[in-house]
Amino acid sequence: MKTPAALQPLVDDGVIDEVIRSLKSGKEATVYLVRSGAHLRCAKVYRDMAQRSFQKRAKYQEGRKVRGSRQARAIAKSTRFGRKEQEAAWKNAEVDALYKLTAAGVRVPKPYGYFNDTLIMELVTDAAGDPARAWARSICHPRPHARITTFSFSRSCSC
């Protein structure tokens, strides 16, 4: 497969060696199957705000806090700086949640790094070794007998 432009810097820097194929494309990102050394991993490339088309953006960002009053004012006024800050906060929310869930012992795809709006994470496979279907929606509790729970990374997490 031809390397997508968003992943080329990661190939050039040696973070990933090869883009094998696209796994899934959605309203917020495209996920690729990539090879990094001897390991198969996922690379989730987030779309820019201008490229996303979903309508309920306010729900996705509900309850999010920003660090400084300057950023909060800029976001409230929807200035160019505010839109950039809002975009950065939106993209970092899932990454932060993954790291918190991993640290809490929840079985989620292990994040390996976040580079240039791209999240490199563990590839979750089924029993046959193929990429698991809809793995992003199912998270298992660290206890093996616990029930599978649905969780949306886009919502805030109190981990």
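Count residues from 1 along the sequence.
The two atoms that bring T102 and P109 nearest to each other are OG1-O, 4.4 Å, heavy atoms only. The heavy-atom pair separating L123 from L33 by the smallest distance is CD2-CD1, 3.5 Å. The heavy-atom pair separating A29 from R47 by the smallest distance is O-NH2, 3.8 Å. When all heavy atoms of A5 and P9 are compared, the pair lying nearest together is O-CD, 3.4 Å.
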Q: List the steps and the verdict of side-chain contact (heavy atoms from CB on, under 4.5 Å) for I20 and R35.
A: CA-CA 7 Å; I20 298 169; R35 187 177 55 77; 4.2 Å; yes

Q.
Please determine whether side-chain contact (heavy atoms from CB on, under 4.5 Å) holds for the pair K44 and E28, giving the CA-CA distance in whole Å, both sets of side-chain angles, and the decisive distance to 0.1 Å.
A. CA-CA 10 Å; K44 185 171 186 176; E28 65 182 38; 3.4 Å; yes

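The side-chain heavy atoms of C42 and L23, taken from C-beta on, include a pair separated by under 4.5 Å. Looking at P131 and V124, their side chains never come closer than 4.5 Å, going by heavy atoms from C-beta outward.
No chain of hydrophobic side-chain contacts below 4.5 Å, direct or via other Ile, Leu, Val, Met, Phe, Trp or Tyr residues, connects I16 to L98. Residues M1 and L7 fall within the same hydrophobic cluster, defined by Ile, Leu, Val, Met, Phe, Trp and Tyr side chains chained together at heavy-atom separations under 4.5 Å. The hydrophobic cluster containing V31 does not contain I120, counting ILVMFWY residues as joined when their side-chain heavy atoms lie under 4.5 angstrom apart, directly or transitively. Note: the hydrophobic cluster containing F115 does not contain Y46 (ILVMFWY, side chain heavy atoms under 4.5 Å, direct or indirect links). With hydrophobic clusters built from ILVMFWY side chains whose heavy atoms lie under 4.5 angstrom apart, L10 shares a cluster with V19.
With a 6.0 Å cutoff to the six-membered ring centre and a 45° limit on the axis angle, R41 counts as a cation-pi contact of Y112.
With hydrogens and angles disregarded, no donor-acceptor distance shorter than 3.5 Å links the side chain of N116 to the backbone of T118. Judged by distance alone, with hydrogens and angles left aside, the side-chain atoms of D17 form a donor-acceptor pair with the main-chain N or O of G37 at under 3.5 Å. Judged purely by atom type and a 3.5 angstrom limit, S36 uses its side chain to pair as donor or acceptor with the backbone of V15.
The existence of a salt bridge linking R107 and E122 is excluded, since no basic side-chain nitrogen approaches an acidic carboxylate oxygen closer than 4.0 Å.
The line from OH of Y99 to CE of M121 is 11.0 Å long, rounded to the nearest 0.5 Å. Here the CD-OH distance, from E18 to Y32, works out to 14.5 Å after rounding to the nearest 0.5 Å.
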